[in-house]
Colleague: 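Pasting a structure here, questions to come.
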Amino acid sequence: MPNKLSSITKAEILEALDFIDHNGIPKDNEWNQYWIMYNRIPYPFKHSVHLASKFKIDFRSDHFYRTRISELGFNIQFKSEKGKDKAPKFWIGASYFGESPNHIPMLEDFIKNSYWATDHDFSSKTGKTIDKRLSQVSINDRIAIRFFSRKNSTIAIAALGTVKSIDEIHNGHLEVIWDYFPKLYNGPKPSGQGAGNWWNTFLEISRPEDIELIFDHEITNKRLSRLTWNLEHGYMSPSGRQGKSKDLKSHEGQFGYGHEEWLFDNAKLIDGYHYGFLEPVRKYQKFHTGKIYDVTFYTLDADSSIRYEVGEVYGLEVIDEQLADSIKQQYKTNGWLQEMEQQIIACGANDNGFSGFNGIDIFNVRYRPENLRINSPYKAIPKENAIYSAQRYTFIQDTSFSLNIEEEEEQFIFITPFPPSSNDGKDTNEDTGQPKRKKSFRKPKEVEIVYLHDAISIALTQKIRGIHQHQNVHPEHPAGYGQHRIDIVVNTNQGLVFYEIKTYPSILTAIREAFGQLMEYSYWSKHNRAVKIIIVTQIPITPKAKEYFNHLRDKFNLPLYYQSFDLSTGHLSEIT
DNA sequence: TTTCTCGATTTTGCCACGAT
DNA sequence: ATCGTGGCAAAATCGAGAAA
């Protein structure tokens with residue numbers, strides 16, 4: 001009798017996955033144990049197959065059917081509901097039982113009976129380390145079985161799977177659901193610092209590149225990096241000596257500026273990238289070259305010794321010397337290098353030798369400006385945070401340093417000024433009872449990312465024209481008074497919709513800048529009313545901002561909305 | 001900034017021996 | 001003849017902090 005699913009083709013499954021991409025997963029189908037992995041994105045197995053069959057075939061997701069579908073070329077993985085949100089760990093296990101002379105191959109049994117185990121005596125020396133490692137395994141961790149050749153220093157992965165249960169862990173036994181149709185690595189053994197000892201019976205691997213290689217699983221490589229103090233200029237040009245290290249041995253102390261002070265100067269772009277410099281990268285350039293990081297920046301105000309979280313950037317790439325040199329050459333050609341030199345002089349620092357630096361000492365990283373988020377204002381890091389014990393410019397990986405600063409609960413209560421008599425009649429209500437640090441703190445300087453504004457404007461116009469037809473979408477529409485122009489005006493059945501694009505690196509600044517303009521455009525003249533006013537930025541909405549828009553609409557009946565536009569994918573978010 | 005030291009991690013050597 | 005395999009130990013390497 002033919003398999004119920006034998007009529008389903010690969011193309012139909014792909015179509016179903018595409019449908020899910022656009023329409024999401026219905027609530028009822030979110031509870032799922034088996035997932036089709038496609039382009040590293042998990043799709044619920046049963047729902048996907050159902051869709052592919054146009055709901056014609058009713059079946060229970062069992063081993064037989066999963067095998068059938070996986071044979072079409074789909075990797076299917078198990079993931080339990082338990083501890084679903086926890087980040088998995090990645091383990092490598094041996095394929096044999098027994099000690100040296102008497103090896104018993106176990107792979108077949110492991111696969112057939114859905115487990116991995118070791119027969120080690122946990123009282124022996126190596127047994128104890130294995131026991132210790134096993135105790136750190138949790139449900140949904142991933143595990144691989146390896147063969148190896150010590151002579152050639154190569155490994156071959158024989159199976160990949162997910163830990164389903166750890167109940168028998170004290171017996172050295174893990175219940176594992178092995179992947180269907182896995183991509184199995186076979187090649188040189190990961191080596192070097194952080195690779196772990198692959199000859200061990202059981203080990204955890206943690207380097208992102210290894211996890212990607214073995215498990216085809218992408219890990220965001222998060223780092224913390226300290227920046228020199230540059231509040232006044234918002235890392236768009238050197239800000240002079242105030243708040244900086246006074247240590248004459250450091251570059252900063254010696255010259256009065258650091259090369260990272262142009263890190264957020266997004267007006268200077270080459271092929272969509274901004275090139276900058278990070279001191280912690282310089283120290284281990286060789287190690288970091290070619291890697292990609294999500295970096296959170298913090299800074300230290302040397303005058304108050306308060307540390308602040310400045311912002312973060314996603315997908316920061318560490319470049320090599322060759323590229324750095326060619327970028328320096330381009331900066332020279334564009335006259336930007338000279339501009340930078342003038343900025344050094346303008347802030348009162350010493351520009352001696354600036355033009356003589358190697359490319360790699362001026363540029364060692366690059367990022368796309370749309371991936372930059374700046375806190376406005378910078379978030380003060382509580383004194384208890386471990387970051388206060390980090391003294392140097394290092395690229396911190398340790399999660400114990402995680403900033404994770406809670407959004408400050410805004411509190412506004414009226415503060416009674418001191419009565420005049422208490423202080424010779426002078427008003428001293430500036431720092432009433434508050435810690436001193438607050439008084440000198442101002443918002444960072446931010447500028448709009450001009451290129452991004454233009455690019456979004458063009459792409460968005462095109463996108464909306466696809467929906468509302470060419471003649472109903474007018475970019476750069478005159479506001480009807482003065483020389484002002486509205487970024488995009490759309491003529492819909494319900495009336496006019498105004499779009500204002502803002503590309504500041506912080507969402508709050510973007511909203512603030514757009515708000516006044518939009519109010520003016522729509523209400524300055526009573527005829528020009530828009531039915532909807534939409535602020536568009538490159539930053540996905542935050543819960544706080546969402547609340548703000550709801551509040552504005554509730555309280556004042558303003559038809560004000562927010563959308564974010566992802567330039568790389570051309571995706572426009574829901575209206576919020 | 002450079003060099004040194006120390007501890008931790010990783011690699012290699014050696015043993016034994018069955019499988020190829 | 002050569003290789004895969006795990007334990008154990010020794011050797012090599014690495015990273016971070018201290019000292020120079």
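Every value quoted in this text rests on a predicted model; they were computed, and no experiment measured them. Throughout, a chain's letter reflects where its sequence line sits, starting with A, and its residues are numbered from 1. Computed over heavy atoms, backbone and side chain alike; hydrogens, waters and symmetry mates excluded.
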Colleague: I want to confirm an ordering. Mapping A:Thr201 and A:Asn152 to their closest nucleotides on DNA chain C, which one lands closer to the 5' end?
Modeller: A:Asn152

Colleague: Side chain of A:Ala94 only, please: which of C:dG6, B:dT1, C:dC3 is the nearest?
Modeller: C:dG6

Colleague: Parallel under 30°, tilted from 30 to 60°, perpendicular over 60°: which one fits the rings of A:Tyr308 and A:Tyr378?
Modeller: tilted

Colleague: To the nearest Å, how far apart are A:His288 NE2 and C:dG15 C1'?
Modeller: 12 Å

Colleague: Can you tell me the distance, in whole Å, between the CZ atom of A:Arg207 and the P atom of C:dC14?
Modeller: 12 Å

Colleague: Would you call A:Asp361 and A:Arg282 a salt bridge, taking side-chain N to carboxylate O under 4.0 Å as the test?
Modeller: no

Colleague: Does any part of the side chain of A:Ser506, heavy atoms only, come nearer than 4.5 Å to the side chain of A:Arg373, both counted from C-beta?
Modeller: no

Colleague: Counting any heavy atom closer than 4.0 Å, what does A:Ser191 reach on the DNA or RNA strands: base, sugar-phosphate only, or nothing?
Modeller: sugar-phosphate

Colleague: Could you identify which residues of residues 143-150 of chain A place a heavy atom less than 4.0 Å from some atom of DNA chain C, listed by residue number, or say none?
Modeller: A:Arg146, A:Phe147, A:Phe148, A:Ser149, A:Arg150

Colleague: Touch check for A:Trp199, heavy atoms < 4.0 angstrom, all strands: base, sugar-phosphate only, or nothing?
Modeller: base

Colleague: What pairs meet the side-chain hydrogen bond (donor to acceptor under 3.5 Å, both in side chains) rule with one or both residues in residues 315-328 of chain A, with sequence neighbours excluded?
Modeller: A:Tyr273-A:Glu317, A:Glu317-A:Arg366

Colleague: What is the distance, to the nearest angstrom, from the OH atom on A:Tyr96 to the P atom on B:dA19?
Modeller: 10 Å

Colleague: Could you check how far CG of A:Leu203 sits from P of B:dT9, rounded to whole Å?
Modeller: 13 Å

Colleague: Distance check needed: B:dT9 C1' versus A:Asn200 CG, whole Å only.
Modeller: 11 Å

Colleague: Any cation-pi pair here, A:Arg133 with A:Trp91, using under 6.0 Å and within 45°?
Modeller: no

Colleague: Expressed as a whole number of angstroms, how long is the span from A:Trp198:CH2 to C:dG6:P?
Modeller: 13 Å

Colleague: Should A:Tyr257 and A:His259 count as side-chain neighbours, where that means a heavy-atom distance under 4.5 Å?
Modeller: yes

Colleague: Could you state the CE-P distance from A:Met106 to C:dG6, rounded to the nearest angstrom?
Modeller: 13 Å

Colleague: Atom NZ of A:Lys151 to atom C1' of B:dA19: distance rounded to whole Å?
Modeller: 17 Å

Colleague: Any side-chain N or O of A:Lys189 under 4.0 Å from OP1/OP2 of B:dT11?
Modeller: yes

Colleague: May I ask you to decide if the ring planes of A:Phe110 and A:Trp116 are parallel, tilted or perpendicular, using 30° and 60° as cut-offs?
Modeller: tilted

